[in-house]
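Throughout, a chain's letter reflects where its sequence line sits, starting with A, and its residues are numbered from 1.
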There are 2 protein chains.
Amino acid sequence: MKRNSGRRPTMADVAERVGVSRALVSLVFRNQPGAGEETRERVLRAADELGYQPDTAARLLARGRSRTLGVVITVHQPFQADLVEALYPAAERLGYDVLLSAHLPGLPGRDERRAAEALLSHRCEGVILLGHALTAAQLEALGGDTVAVAVSRSVPGARIDCVRSAEGQGVRQAMDHLVQLGHRDIVHLDGGDGPGSAERSRAYRAAMRAHGLTGRIRILPGAHTREAGVGAGELLLTEGRLPTAVLAGNDTSAMGLLMVLMRAGVDVPAEISVVGYDDSHVSHLLPVGLTTVRQDAVALAERAVRFAVDRLEGEGAAPPPREAVLEPRLVVRGTTAPPRV
Amino acid sequence: MKRNSGRRPTMADVAERVGVSRALVSLVFRNQPGAGEETRERVLRAADELGYQPDTAARLLARGRSRTLGVVITVHQPFQADLVEALYPAAERLGYDVLLSAHLPGLPGRDERRAAEALLSHRCEGVILLGHALTAAQLEALGGDTVAVAVSRSVPGARIDCVRSAEGQGVRQAMDHLVQLGHRDIVHLDGGDGPGSAERSRAYRAAMRAHGLTGRIRILPGAHTREAGVGAGELLLTEGRLPTAVLAGNDTSAMGLLMVLMRAGVDVPAEISVVGYDDSHVSHLLPVGLTTVRQDAVALAERAVRFAVDRLEGEGAAPPPREAVLEPRLVVRGTTAPPRV
DNA sequence: ACTGCTGACTAGCGCGCTCTAGTAGAGCGC
DNA sequence: GCGCTCTACTAGAGCGCGCTAGTCAGCAGT
């Protein structure tokens, strides 16, 4: 690796140094047959000496494809971090590379559209949106021009591939668990406009009704943030009487809630049970562990990549939008117990 | 926006539709003078109708520059999320775009080198490494071929631009604060190979010595993870006697520690004081707030971008590697108090 | 000697864009 | 009429690579 000040070396430089044609160097770098063993090695050595690295932009331009998937993320979301972690190997197995672009809710000019455009303009062939907040129309616009897959949030009516888990089932499992333990006074901490939260609170209501607890339905406004959990905890504490159980919108808000409760000396789960949602890896951090609804990040990521790749490599007419709904599974850990009598 | 199945439209398609030359379309899309007002509008309208979007790969190839900075991140690190959040606007102000690539410690094939290469091959002009774990030699190799800036971790001897905060000062402030409160039995939870942790534990030892507490120096092995904090907390609890204060390697491990302690009914800060490091936004989440050493993510990000851009746009010979050392500041919140007598 | 074939290598077009060097035509002063 | 400038636009050469369609030497078979 030699520092080569000035412009970066190109294939032509390598070719010239070895005394062969550019095409031969190209062959070598693409691992294609057609180059002699000895020449191949001389090319690689020369490239190394020059510090040559193939230029992806040019490579992309020349062959039609980039084999790169763009992923739009929201920073500060542990479950999305889990997804990203799972996306890389899933994409790699199918021969795709991954590029990330952040959507920053705080920064005006940096919404999902902008992030997706940045990715596309870098020749990503498809875009995977993690927990976006786009409307059906915006999704359609995106999906019309390109291959796009939405993860976690299903937007009814949007003609776009979507991967999510069956929120209703997950919530139902959690609620059944709580009711079975003997809880009746179960409050739901809403997830605001977070992915899946509309479905989750709908399912909460349905479950309460199903268990004959219609009169006890109570939904606290919230978000998928720790701040929201903290706020909800403080609200509950000021009320004097705690519910016996809380179903949080996701793990992050559950953790915020737990933080406040424990801090106030409330005994979890003896005095109050808390259930999270996602099984992002924060839920393993309590010594007792957070009871939560597990969304399989690996499976979600694999499905998302598969949808994108299918569409990219599919022959003929584009198939109609598909939806994969994965079954979540309640993971009972230490934050739930029968209510105190 | 019309769904245009088949290949995506190019400049030539737009030009043909309007009945002008490709060059004119190019002018319009670069907002350059030289096109009549009416033509300009016709071009834009045609482009919109075709769903044309300029192809960055080709654009990059054609003009020398991409004006894009690559950022190598580690997923699951709140402080890095803060940095990323600050990097976008900082880069944008200087007219640069940002692309992210993750380094996954878990996945073998996905180390910092690989992440950086992915970014470079997508024509990023420079790479900003957030809390990497590369050796001096690896950094040099990277810095030799390209513009690279390391954030948070200074590697002695590596000839590469570096932005970090003065760990020694930060730790010193935290230690002075604890000692002034009356603490003598102060344990340090090490950050393992996390960025800055070597300097932090060195500074811890120095501060203990400076306060005449050499005999009480105690460093618990750890990492910049919540798991490490949880582990340390459990260890301390099994020992029966808690220290009166803990200086954690970063906020994340401090939170893990706090979680366990509170869970065990330990009163923070009455029974034990805890100081974090970073002031990542998790530290605001406790109702009382985490006392921590604030690293200014915005300033760090701005400096990192500025270093990269200076090098990219600097004329003449490359300047010697620079280092920016920002002053951290202790932020006293609710997790520190005088020890119980 | 001719053909056929294989392995090693090359010429050169094209990917979609930028950018330099130009041209056509209008307007203007003399 | 002439040159001159200015605006609106165009021709065409790259940028670094991939890829198709070759060339050419060497060798076996008839």
Any donor-acceptor pair under 3.5 Å linking the side chain of [X] with the backbone of [Y]?
X: B:Arg153; Y: B:Asp193; result: yes
X: B:Asp310; Y: B:Phe307; result: no
X: A:Arg67; Y: A:Leu94; result: yes

If every non-hydrogen atom of A:Thr68 is compared with every non-hydrogen atom of A:Tyr96, which pair is closest and at what distance?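 It is N-CD2, 3.9 Å.
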Where do B:Ala118 and A:Asp97 come nearest, in terms of heavy atoms and distance? CB-OD2, 4.0 Å
Looking for any heavy atom pair under 4.0 Å, which part of the strands does [X] touch: base, sugar-phosphate only, or nothing?
X: A:Pro54; value: sugar-phosphate
X: B:Ala35; value: sugar-phosphate
X: B:Gly36; value: sugar-phosphate

Tell me: [atom1] of [X] to [atom2] of [N], nearest whole Å?
X: B:Leu27; N: D:dA11; atom1: CG; atom2: P; value: 13 Å
X: B:Glu37; N: D:dT7; atom1: CD; atom2: P; value: 14 Å
X: B:Arg40; N: D:dA8; atom1: CZ; atom2: C1'; value: 11 Å
X: A:Leu61; N: D:dC15; atom1: CG; atom2: C1'; value: 9 Å
X: B:Glu16; N: D:dT10; atom1: CD; atom2: C1'; value: 16 Å
X: A:Asp55; N: C:dG16; atom1: CG; atom2: P; value: 16 Å
X: A:Arg67; N: D:dG18; atom1: CZ; atom2: P; value: 14 Å
X: A:Leu24; N: D:dA21; atom1: CG; atom2: P; value: 19 Å

Does a side-chain N or O from [X] land closer than 4.0 Å to OP1 or OP2 of [N], or not?
X: B:Thr10; N: C:dG16; value: no
X: B:Thr39; N: D:dC9; value: yes
X: A:Ser26; N: D:dG18; value: yes
X: B:Arg30; N: C:dC19; value: yes

Selection from C:dG16, D:dC19, D:dT10 that lies nearest to any side-chain heavy atom of A:Ala23: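 The answer is D:dC19, which lies nearest to the side chain.
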Tell me which nucleotide among D:dT10, C:dT18, D:dG18 gets nearest to the side chain of A:Ala62. D:dG18
If you pin B:Ser21 and A:Leu60 to their nearest nucleotides in DNA chain D, which one's is more 5'?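 Final value for this comparison: B:Ser21.
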Find which nucleotide of DNA chain C each of A:Gly19 and B:Met11 is nearest to by heavy atoms, and output the residue with the more 5' nucleotide.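 With A:Gly19 and B:Met11 compared, the 5'-side residue is A:Gly19.
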Between the base of D:dG18 and the side chain of A:Arg22, is there a donor and acceptor pair under 3.5 angstrom? yes
Identified pairing partner of C:dC30, criterion: Watson-Crick or G-U wobble below 3.5 Å: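 Matched C:dC30 with D:dG1 under the 3.5 Å cut-off.
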Does the structure show a Watson-Crick or G-U wobble partner for C:dA1, both distances under 3.5 Å? Name it, or say none.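 Across any shown strand, C:dA1 pairs with D:dT30.
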Check: B:Ser101/B:Arg110 side-chain N/O donor and acceptor closer than 3.5 Å: yes
